[in-house]
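Here the structure comes first, spelled out in structure tokens, and everything after it is commentary.
Atoms within each ligand, like the ligands themselves, are counted from 1 in listed order.
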Amino acid sequence: MSMQRTLSIIKPDGVSRGLIGEVVKRLEASDISIVAMKMVHLTQAQAEGFYAVHRERPFFESLTKFMTSGPVVVMVLQGEDVIARYRNLMGATNYEEAAEGTIRRDFATDIEKNVVHGSDAPETAAFEIGYFFNQLEIMS
Ligand code: GDP
């Protein structure tokens with residue numbers, strides 16, 4: 001185990017459905033520290049840049065449109081093994097396959113509209129955190 005940081009996004013469906021508090025409550029209950037947080041409304045170009053690794057996937061256009069459909073809440077999370085721990089709280093991409101009690105299982109309505117994002121590895125976490133936050137915005 002090691003101290004890690006990861007990027008969390010409460011997606012437009014989560015924000016518009018009033019789930020910010022619910023997600024934050026679950027983070028705090030899991031002893032995951034929020035070390036940066038803000039609300040942004042992504043442009044199409046910003047969403048495409050964030051999801052550049054998915055550029056060839058058939059759902060790329062739909063996903064980037066969805067992610068620009070309203071504001072999102074982005075957070076930097078910190079803790080021991082937080083990348084995997086937060087992915088466990090989120091649940092599988094497809095909410096129908098997600099474990100009971102996970103955020104996606106409890107709240108997602110669609111494979112795309114799945115409420116939350118979380119980085120999947122240390123390298124992607126570093127890229128994704130830097131995409132939204134500079135060093136001065138992250139609590140040490
Ligand atoms: P994640 O790491 O669990 O978020 O999953 P991925 O990195 O594979 O996909 C990124 C995001 O694209 C997911 O969270 C969904 O919002 C969306 N997505 C994934 N698979 C599909 C799909 O088959 N169809 C659509 N429309 N969206 C998808």
Side-chain angles (χ1 to χ4, degrees):
M1 293 234 294
S2 63
M3 189 58 83
Q4 295 176 329
R5 284 178 174 170
T6 193
L7 186 84
S8 161
I9 305 178
I10 304 176
K11 296 184 180 185
D13 59 332
V15 173
S16 67
R17 292 169 58 210
L19 296 172
I20 298 172
E22 181 65 39
V23 173
V24 169
K25 187 179 79 178
R26 290 180 185 216
L27 293 171
E28 291 179 336
S30 301
D31 266 329
I32 291 176
S33 300
I34 299 167
V35 293
M37 184 182 214
K38 64 184 165 192
M39 181 176 272
V40 294
H41 193 155
L42 293 171
T43 64
Q44 185 65 24
Q46 288 167 339
E48 289 176 6
F50 181 75
Y51 279 119
V53 291
H54 290 316
R55 197 168 287 280
E56 304 305 325
R57 309 276 283 271
F59 55 83
F60 180 71
E61 194 184 336
S62 173
L63 172 62
T64 53
K65 280 214 162 63
F66 162 57
M67 291 299 289
T68 62
S69 66
V72 298
V73 171
V74 283
M75 293 178 273
V76 179
L77 310 180
Q78 181 170 291
E80 290 285 336
D81 211 17
V82 75
I83 295 173
R85 283 169 59 214
Y86 177 54
R87 296 233 6 141
N88 285 338
L89 274 188
M90 284 169 37
T93 310
N94 182 351
Y95 73 103
E96 290 172 320
E97 292 164 10
E100 294 288 342
T102 59
I103 295 168
R104 285 167 166 174
R105 178 61 173 250
D106 288 346
F107 300 108
T109 51
D110 185 286
I111 190 165
E112 184 174 273
K113 294 177 180 61
N114 56 7
V115 186
V116 279
H117 166 86
S119 312
D120 61 4
E123 303 72 39
T124 44
F127 166 77
E128 292 179 356
I129 290 168
Y131 200 81
F132 286 102
F133 295 95
N134 68 47
Q135 251 180 327
L136 293 175
E137 295 172 309
I138 304 174
M139 305 305 110
S140 55

Heavy-atom contacts with [X] under 4.0 Å: which atoms of ligand 1 show up? List them by number with element.
{"X": "Arg104", "answer": "1 (P), 3 (O), 4 (O), 14 (O)"}
{"X": "Lys11", "answer": "13 (C), 14 (O), 15 (C), 16 (O)"}
{"X": "Asn114", "answer": "13 (C), 14 (O), 15 (C), 16 (O)"}

Practice item. Of all the heavy-atom pairs spanning Tyr95 and Arg104, show the shortest one and how long it is. Key: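 Nearest pair, atom of Tyr95 first, then Arg104: CB-O, 3.3 Å.
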
Check your understanding: Does Arg57 have a heavy atom less than 4.0 Å from any atom of ligand 1?
Key ->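 Heavy atoms of Arg57 do come under 4.0 Å of ligand 1.
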
Exercise for review: Answer with yes or no whether Met90 contacts ligand 1, where contact means a heavy atom under 4.0 Å from a ligand atom.
Suggested key: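 The answer is no, since Met90 has no heavy atom less than 4.0 Å from ligand 1.
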
Heavy atoms only, cut-off 4.0 Å: how does [X] contact ligand 1, side chain, backbone, both, or neither?
{"X": "Arg87", "value": "side chain"}
{"X": "Asp110", "value": "neither"}
{"X": "Glu61", "value": "neither"}
{"X": "Lys113", "value": "neither"}
{"X": "Leu63", "value": "side chain"}

Point to revise | Nitrogen or oxygen of His54 less than 3.5 angstrom from that of ligand 1 | key: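 N/O-N/O distance below 3.5 Å exists for this pair.
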
Practice item. Would you check if Asp110 and Phe66 make a side-chain contact, meaning some heavy-atom pair closer than 4.5 Å? Key: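 No, side chains not in contact.
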
Practice item. Evaluate the side-chain proximity of Glu80 to Met3: yes if any heavy-atom separation is below 4.5 Å, no if none is. Key: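 A side-chain contact exists here, since the closest heavy-atom pair is under 4.5 Å.
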
Protein heavy-atom partner closest to [atom] - residue, atom, separation in Å:
{"atom": "atom 25 (C) of ligand 1", "value": "Phe59 CB, 3.4 Å"}
{"atom": "atom 15 (C) of ligand 1", "value": "Ile111 O, 3.3 Å"}
{"atom": "atom 1 (P) of ligand 1", "value": "Thr93 OG1, 3.6 Å"}
{"atom": "atom 26 (N) of ligand 1", "value": "Glu112 OE1, 3.1 Å"}

Hey, any chance [X] and [Y] share a hydrophobic cluster, counting ILVMFWY side chains that come within less than 4.5 Å of each other, even indirectly?
{"X": "Met37", "Y": "Leu42", "answer": "no"}
{"X": "Leu77", "Y": "Val73", "answer": "yes"}
{"X": "Met67", "Y": "Tyr131", "answer": "yes"}
{"X": "Val76", "Y": "Ile9", "answer": "yes"}
{"X": "Ile32", "Y": "Phe107", "answer": "yes"}

Check your understanding: Which residue pairs satisfy the side-chain hydrogen bond (donor to acceptor under 3.5 Å, both in side chains) criterion with at least one member in residues 35-52, sequence neighbours excluded?
Key ->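 Pairs touching residues 35-52 that pass the test: Lys38-Glu137, Thr43-Gln46, Gln44-Glu48, Gln44-Thr64.
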
Review point. Taking only residues two or more places apart in sequence or in another chain, which ones pass side chain to side chain donor-acceptor pair (under 3.5 Å) with Arg26?
Key: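 In terms of side chain to side chain donor-acceptor pair (under 3.5 Å), with neighbours along the sequence ignored, Arg26 is linked to Glu22, Asp106.
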
